[in-house]
Each structure stands twice: as structure tokens, then as C-alpha cells.
Amino acid sequence: MRRTFICGNWKMNGSLDETMNLIGGLVPRYQDSFVNVEIAVCPPFTSIALAHSLLSDRGVRIAVGAQNCHDQQKGAYTGEISTRMLVEAGCTYVIVGHSERRAIFSETNEFINKKILAALSNGLKPIVCVGETHEERELQRTFEVLLEQLRGCLRDVTAQQMHQVTIAYEPVWAIGTGKTATPEIAQDSHSFIRSEIEALYGKEVANNVCIQYGGSMNASNAEQLLHQPDIDGGLIGGAALDAESFMTIVRIASQAH
Ligand code: PGA
């Protein structure tokens, strides 16, 4: 059985006050029946320690992740943060290769690969984002782009390490736009990603790897998406900023798998 994983990507939202309110909304909505779902939230760096302490004080099984990291552990990298620092602050996960980082901060597959290797060697579980732009989809280059991103990002990651890795399929045209991929389109890409993981690592790893969908997933469309055979969870942006919506998605996930 594959793990089901719902993760909130708060992006650049979540001052200390907002974090306190949002975590305060998640905690009472958490139910023991959600135990079959892995749950995490990824606040901005400055709110990670607070989110972690609020959640662990309340004994709620929601982990904390970061939205980015650097591949080096220390030194002259002004403005960057290392994977060890993130672990120290309470992170279990780190999102890498988000399309906003690729597009706005020019991150390449090569750099993302270094971050993934750094995360894995320091006990952080990477959530590796891949996905095509609208233009690439129009040009029927989706699978080619996914292939290039997967191969580039996962270089030198071993089959053993793949157990710690989550893949997030996030079609760029669906992020923050309200334009969710149809369940069929998403399933098609997820199944392609799994087949590529099989080509790289064999059947066992492919069957076990958790592939999240991300891109305007919300409480209304989560059910249809999560019922697709190769969609194992969600990376949620906008809807993760509302405790009720986020925990509704978690509940749907706990019933879907
Ligand atoms: P969205 O963002 O749910 O707001 O589309 C998802 C993401 O960027 O991870």
C-alpha cells in the first residue's frame, strides 16, 4: 500500500500571527481517523519553528516542511538556508523544484538535484515538483518535459533513497489559476511519471513512490482527483491557507485510499 500524503504549501504567507491562527484552526479539526494520511504544512522559514512547536505541543500528527533549501551546509551563501538548519528548526520535509522557483529564481534541474541530494543526506524528505507550462502542453511536450525534469532532478538518487522522496506533479498552468487539471489529464501524467520511475528504479520503487497532484486542488475537486489510481495525495497552495478547506481535503484523502 502506498502512502497518502497531503501537504500545504503556504508560499510567502504566514506571519507569526497568521501561523498561530492557521495552526490553531488545524489542531481541533484533526481526527484520529486521519492516521492513514501523512500530513504536513510548509510555512515560510520564519514560521517553521513556531508551527513545529505549536503542533508538537498539541500532539497532533501534522509534520512541518520548508519550501526551499540550499545544497551547501554553510558558508558564504547570503540569504540561503541549509538542510541541517531546517532539520534543527523542526522540518521533516522540504519542497524542491517548485515551478515558482524554477520560473522566478531560474532554478535548473541540476541545482534542484543538488538540493535533493543534500536533503536526503541530512534526513530531510524532499518533495520534488515537476510539471509542464501551458505552452509546453500546447506543443505536446508534456511527457518530454516531465522526463527531463525527473531524470535531471533524480540523478544519483538511489533506489533506497527513493523511499524518502515524494514527487509532486504540478502543471504550471493549474497553479494558483483555479484551472485544475481534469482528473483524466492528471492521471495521465501521474501514470507517465510512475512508468518513468519504474524505468529508472524498477517496479517496487515505482509501486511505492507517492505522487502528489498540485494545482488548484481544493475541497471541491479533491475527491475526484484523489480517486485516480496514480494520484496519492496533494500539494495544496491556496486552499491550505484555510484550515477548514485543508482539513476537508485531508478527510477526503483518508477516505479515498
Ligand atoms: P495552488 O498552489 O494550490 O494555489 O494552485 C499549488 C502549489 O503551488 O503548490
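Heavy atoms only: backbone and side chains are in, while hydrogens, waters and symmetry mates are out. In each ligand, atom 1 is the first atom listed, and ligand 1 is the first ligand listed.
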Is any NZ, NE, NH1 or NH2 atom of the basic residue among Arg2 and Asp232 found under 4.0 Å from an Asp or Glu carboxylate oxygen of the other? yes
Classify the side-chain pair Gln160/Tyr201 by whether it contains a donor and acceptor separated by less than 3.5 Å. no
| Distance-only polar pair, side chains of Ser195 and Glu198, donor-acceptor under 3.5 Å | no
If we number the atoms of ligand 1 from 1 as shown, the ones under 4.0 Å from a heavy atom of His98 are 7 (C), 8 (O), 9 (O)
Residue-ligand contact Gly214/ligand 1, heavy atom below 4.0 Å: no
The answer for which part of Ile175 has a heavy atom under 4.0 Å from ligand 1 is both
Nearest non-hydrogen protein atom to atom 3 (O) of ligand 1, with distance, is Gly237 N, 2.9 Å
Mind checking whether Ile39 and Tyr93 sit in one hydrophobic cluster, side chains of I, L, V, M, F, W, Y counted as touching below 4.5 Å?
no
Report task. Compute the shortest N/O to N/O distance between Gly215 and ligand 1 and return yes if it is under 3.5 Å, no if not. Result -> no
For Lys11, the atoms of ligand 1 under 4.0 Å from one of its heavy atoms are 2 (O), 7 (C), 8 (O)
Ignoring hydrogens and geometry beyond distance, is a side-chain donor-acceptor pair present between Ser216 and Thr180 at under 3.5 Å? no
Exercise for review: Consider every N or O of Glu100 and every N or O of ligand 1, then say whether any pair is closer than 3.5 Å.
Suggested key: no
Indicate whether the side chain of Arg84 and that of Asn122 have a donor and an acceptor atom separated by less than 3.5 Å. yes
Here the atoms of ligand 1 under 4.0 Å from any heavy atom belonging to Ser216 are 1 (P), 3 (O), 5 (O)
Would you say Gln73 and Thr83 are linked by a side-chain donor-acceptor pair, where the criterion is simply a distance under 3.5 Å? yes
Next item on the list: Evaluate the ring planes of His70 and Tyr77, with Trp represented by its six-membered ring, and classify them as parallel (under 30°), tilted (30 to 60°) or perpendicular (over 60°).
Entry: tilted
re atom 4 (O) of ligand 1, the protein heavy-atom contact at minimum distance is Gly238 N, 2.8 Å
Nearest non-hydrogen protein atom to atom 7 (C) of ligand 1, with distance, is Glu170 OE2, 3.2 Å
Review point. Any nitrogen or oxygen of Thr177, main chain or side chain, under 3.5 Å from a nitrogen or oxygen of ligand 1?
Key: no
Query - His98 and Glu170 side chains, donor-acceptor separation under 3.5 Å - result: yes
Using heavy atoms and a 4.0 Å limit, tell me yes or no: is Gly176 in contact with ligand 1?
yes
Contact region, Ala174 to ligand 1, non-hydrogen atoms below 4.0 Å, reads backbone
